[in-house]
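This one's a predicted model, so the numbers in the text were calculated from it and none came from an experiment. Just so you know, these numbers use all the heavy atoms, side chains as well, and skip hydrogens, waters and symmetry mates. A note on names: the letters A, B, ... follow the listed sequences, proteins ahead of strands, and every chain is numbered from 1.
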Amino acid sequence: MSGGHPIRVLNVAEKPSVAKSVAGILSRNQGLIVRHGRSRYNRVFEFSYAIRGQPCQMLFTSVTGHLMEIDFDDRYRKWHSCDPADLYHAPLRKFVPEDKLDIKRTLEEEASSCQWLVLWLDCDREGENIAFEVVEVCTVANHQLNIWRARFSALIDRDIHEAVQNLGRPNQLFADAVDARQVFLQEIDLRIGASFTRFQTMLLKDAFVLDFNRNDRNLVLSYGPCQFPTLGFIVERYWEIQSHEPEEFWTINCSHNSDEGTCTFNWMRGHLFDYTCAVLIYEMCVQEPTATVTKVKQQEKLKYPPHPLNTIELEKRASRYFRMSSEHTMKVAEDLYQAGFISYPRTETDSFSQRTDLHAIVQEQQGHPVWGSYAQQLLDPGAGLWRNPSNGGHDDKAHPPIHPTKFSAGESGWSQDHQKLYELVVRHFLACVSQPAVGAETTVEIDIAGEFFSASGRVIIAKNYLDVYRFESWGGSMIPTYVVGQQFIPTTLTLDSGVTRPPPLLSEADLLNCMDKAGIGTDATMHDHIKKLLDRFYATKDSNTRFSPTNLGEALVMGYDDMGYELWKPYLRSMMEGDMKAVSIGTKRKAEVLATCLEQMKACFLDARLKKVKLLEAMAVFFERSNRSGRDEQLGVGGVVRRCGLCQEFDMVLKRQPAGNFMVGCLGFPQCRNVVWLPGSIAEAALTTNVCNSCTPGPVYMVQFKFRRLEIPPNYNVDHLGCIGGCDEILRQLTEICGTGSRSLPAVPARGRGPIASSSNVERSTTRQSACAHCRQMGHSSSDCPMQGSRSRGAQSHRMTSQSGESSIPCDTCGLPCVLRTANTANNRGRKFYSCQSQECNFFVWEDNLNNITGGRSAPRANTSSSASNPSRRGGRGRGGRSGAHAAGGTFVSATGDPISGRRCYVCGDPSHFANVCPNRGT
DNA sequence: GCAAGGTC
């Protein structure tokens with residue numbers, strides 16, 4: 001203490017705007033002197049202030065986020081300076097970057113003339129970490145500094161004055177743990193990110209034609225522990241959609257018109273996938289259609305307001321309600337925060353502390369022209385609208401949930417988005433302290449021939465929070481009155497069909513959810529990772545804020561997935577975070593954990609690099625090889641196999657492509673494109689002097705193959721002396737089973753990529769102009785060859801996708817895709833069949849027979865539909881054959897009392913069909 | 001030219 005002299009206090013905030021705001025609040029803008037420091041952005045504010053009665057000369061300046069960075073030593077900085085694998089042990093340095101040196105100097109100079117240092121850094125993990133950096137710089141300049149921490153969460157008078165009058169000490173333990181964690185993650189992120197980014201960029205960028213409409217000298221195929229798992233979520237959902245096979249289901253619907261209106265009853269079984277079963281039940285109902293009311297239940301239902309608002313919820317809701325991107329939302333929220341209208345927008349917390357004066361926040365909103373009256377009601381104890389907010393279960397112990405901190409009925413400088421976001425924050429807050437909406441629900445159950453149906457209606461009794469939270473709604477629909485025991489004849493009773501649908505693409509809100517659950521990124525950075533995927537051409541966002549991977553994004557994830565690594569999954573980072581926790585609570589030593597982790601990561605990197613073929617193969621599915629590394633890189637492995645039978649001019653030679661797969665190609669390429677693709681499972685292939693004695697014209701030299709054990713079925717030998725001339729059954733089978741490396745996908749659909757995915761992938765491939773190894777025709781690979789049986793790949797490969805996107809099959813005789821038609825004959829009306837487009841072929845097959853043969857999804861029906869007398873066939877049922885079912889839009893004709901045979905149509909008595917598809921119904 | 005984390 002220096003007698004009567006004021007204490008000189010150096011105050012440091014995380015950013016200039018906070019320094020300005022806090023200085024303004026503390027000085028009440030009286031006697032505030034502003035001067036420039038060495039940094040042009042970070043000014044120094046000076047004013048007098050009394051802390052607990054102690055006169056102080058306050059100096060208030062700021063940093064701009066982190067003062068320090070880490071990077072590799074200079075000699076490792078250039079991309080070609082070292083093997084990327086060296087980056088796992090290359091020395092790092094922590095330093096103040098060039099553009100922050102002037103801030104550092106300001107801090108040093110001011111610190112040397114002060115007695116106190118007050119840290120006004122944000123109260124979060126990174127804030128503590130930055131505080132550490134500030135302390136480090138300042139104490140070097142002045143060892144005597146008395147160091148304090150100010151804790152605040154909103155830039156409003158109340159918070160700030162409270163903070164400065166209740167200064168604490170920086171929590172050394174917490175700061176250490178935070179520091180250890182941050183340094184650890186920083187280091188891991190840098191080493192992994194840089195090594196993989198350099199590796200995959202240098203491997204792929206020039207090897208393929210990546211036409212993204214930009215100068216690809218700057219193209220970087222980055223890899224990062226946050227961006228890749230985020231991409232993984234998008235790709236996974238995309239694959240899920242692609243592999244979805246629509247499945248037809250059946251349901252019985254019932255409605256009843258009465259004086260009070262129409263009531264729709266839903267079948268309590270939901271829906272059935274078995275048509276026969278559904279029809280039997282339907283017929284039962286139709287025979288005894290009288291409905292008896294078995295249950296009438298009336299119940300009060302509550303719909304609760306949301307939890308208090310945190311960052312992720314803010315981003316999700318802004319995306320959902322206003323279609324604002326998360327990145328833009330955070331920018332707008334930051335503006336509102338800096339202007340003092342809302343509290344700190346980067347918070348995990350979704351519950352208010354006991355000390356928060358919630359009423360005061362509501363009071364401020366009373367004057368608003370739109371929601372002011374709602375705020376008044378909330379404060380009126382007689383209205384009974386108030387309810388203490390729920391606890392969402394998250395607390396970052398640094399900031400309260402996002403809430404309004406200053407009243408505004410709109411500012412002149414605000415954009416529409418500022419307006420919307422402020423409104424969302426206010427309405428959300430008001431909703432949080434409101435009673436739930438109350439509804440009265442009525443459920444009625446009826447019994448028709450032993451089958452149960454139910455209908456429900458809801459009447460909203462009190463909207464409560466829904467009055468102010470206009471973004472949410474709660475549908476209400478009235479239903480007529482029924483009493484137990486009441487009987488009636490349904491107005492309609494129909495058997496309807498539907499198909500299962502794939503899930504939708506991920507929306508921005510879904511994506512944030514996935515990231516949140518997996519712990520990817522922080523509140524402040526999640527939107528950055530999403531944007532990075534767009535910037536790197538890994539994903540696109542449609543107008544509906546839904547994300548799809550680009551070919552590039554899908555190829556990269558596919559490549560790593562094929563390696564067997566889950567580098568694109570979030571586990572890696574979660575594991576590291578877990579280890580860090582162990583460090584922070586002292587059960588593991590930091591250096592140990594770091595060393596182990598680095599070893600593991602390096603091993604993973606080296607192994608991934610060994611399997612780089614997988615990346616190249618995946619890329620080749622989507623992109624053309626570039627000239628820059630085309631033929632030159634094809635590694636000749638030796639010798640002439642035979643004379644080319646196509647051009648009859650050049651020799652066919654055994655080659656190994658850069659991607660690792662083998663082929664026998666004509667030296668006349670590109671004029672002659674004759675090629676024999678070989679199985680992707682070949683590890684080695686060497687030409688021998690043995691000549692095949694069955695293939696002509698000879699000589700055709702035989703090749704000694706060595707297959708990779710794990711990639712071929714167990715009943716095949718690893719070593720095989722084979723012939724590429726067409727006589728070799730084993731080679732043909734293995735080509736079919738394993739595919740041919742880069743050109744086709746594995747025969748067995750991996751992960752979520754089902755048959756639909758593979759067909760569309762193959763169509764996108766630009767390297768398909770080679771001939772089929774089986775029939776020598778162009779335009780397909782041997783595994784899709786129409787001249788082959790549908791043996792190993794089953795029903796899926798038997799189908800093609802025609803240009804119009806319709807499912808098709810190849811003609812048995814000529815191989816052309818068949819046309820799917822619908823029969824219109826008396827016996828088979830509505831039944832689908834395939835026939836050849838060519839007049840010469842008489843190829844014809846019933847679609848439902850095809851399913852039986854190939855064992856498609858309609859298997860349960862296969863047993864029953866083989867007999868022509870079975871009526872279930874007549875409904876025109878089958879994949880794509882739903883026309884008969886859709887005719888079920890007509891109404892149920894009420895019972896006449898006539899006896900009905902179980903095997904006849906109830907409407908017209910015809911035994912060839914059931915009532916739901918009867919041509920006479922409804923007329 | 002690389003990560004993720006702050007922020008301008």
Side-chain angles (χ1 to χ4, degrees), chain A residues 12-20 39-43 62-72 76-82 84 86-88 90 92 94 96-97 99-100 102-103 121-134 178-179 181-203 205-206 214-231 327 330-331 334-335 337-338 344-346 515 519-533 535-536 567 572-573 576-577 580 601 605:
Chain A
V12 183
E14 193 159 317
K15 49 194 163 214
S17 59
V18 172
K20 186 184 174 194
S39 153
R40 49 192 279 240
Y41 300 112
N42 307 78
R43 292 181 296 175
S62 56
V63 290
T64 47
H66 279 286
L67 249 188
M68 295 178 162
E69 281 178 13
I70 56 161
D71 206 344
F72 298 108
Y76 293 90
R77 299 270 279 268
K78 287 240 184 297
W79 278 40
H80 290 278
S81 66
C82 67
D86 296 344
L87 297 178
Y88 287 90
L92 298 179
K94 192 172 180 184
V96 178
D99 61 337
K100 302 251 170 103
D102 42 16
I103 298 177
L121 286 310
D122 294 352
C123 296
D124 53 23
R125 280 172 178 170
E126 293 297 335
E128 294 299 332
N129 196 233
I130 299 168
F132 218 64
E133 297 174 354
V134 171
V178 161
D179 185 63
R181 180 182 178 286
Q182 294 315 114
V183 168
F184 176 89
L185 289 180
Q186 265 176 42
E187 183 170 342
I188 296 278
D189 288 348
L190 176 65
R191 292 184 191 275
I192 296 174
S195 58
F196 272 94
T197 301
R198 289 183 190 184
F199 155 66
Q200 69 184 24
T201 304
M202 293 192 286
L203 176 70
K205 190 179 82 170
D206 291 329
R214 72 184 255 176
N215 177 4
D216 60 282
R217 267 181 50 186
N218 298 326
L219 184 69
V220 171
L221 306 184
S222 62
Y223 176 91
C226 286
Q227 49 178 284
F228 244 61
T230 306
L231 175 61
E327 192 215 355
M330 290 313 289
K331 212 184 152 298
E334 179 71 21
D335 287 348
Y337 162 67
Q338 292 201 3
Y344 190 75
R346 286 184 285 272
M515 296 171 76
I520 304 286
T522 67
D523 304 312
T525 60
M526 280 158 72
H527 61 268
D528 284 336
H529 302 308
I530 296 176
K531 185 166 180 292
K532 184 153 271 174
L533 298 183
D535 293 344
R536 298 282 192 221
L567 287 171
L572 207 67
R573 208 184 163 83
M576 300 188 317
E577 299 256 0
M580 258 347 280
M601 288 317 305
F605 174 79

With a 4.0 Å cutoff (strictly under), does any side-chain N or O of [X] reach OP1 or OP2 of [N]?
X	N	value
R536(A)	dA3(B)	yes
R346(A)	dT7(B)	yes
K100(A)	dC8(B)	no
T201(A)	dG1(B)	no
Q186(A)	dA3(B)	no

C226(A) side chain, from C-beta outward: closest of dA4(B), dT7(B), dC2(B):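 So the side chain of C226(A) is nearest to dA4(B).
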Candidates dG6(B), dA3(B), dG1(B) - which lies nearest the side chain of T522(A):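 Selected nucleotide (nearest to the side chain): dG6(B).
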Indicate, with a heavy-atom threshold strictly under 4.0 Å, whether [X] touches base, sugar-phosphate, or nothing.
X	answer
P84(A)	nothing
D71(A)	base
K331(A)	nothing
I70(A)	base
E187(A)	nothing
D528(A)	nothing

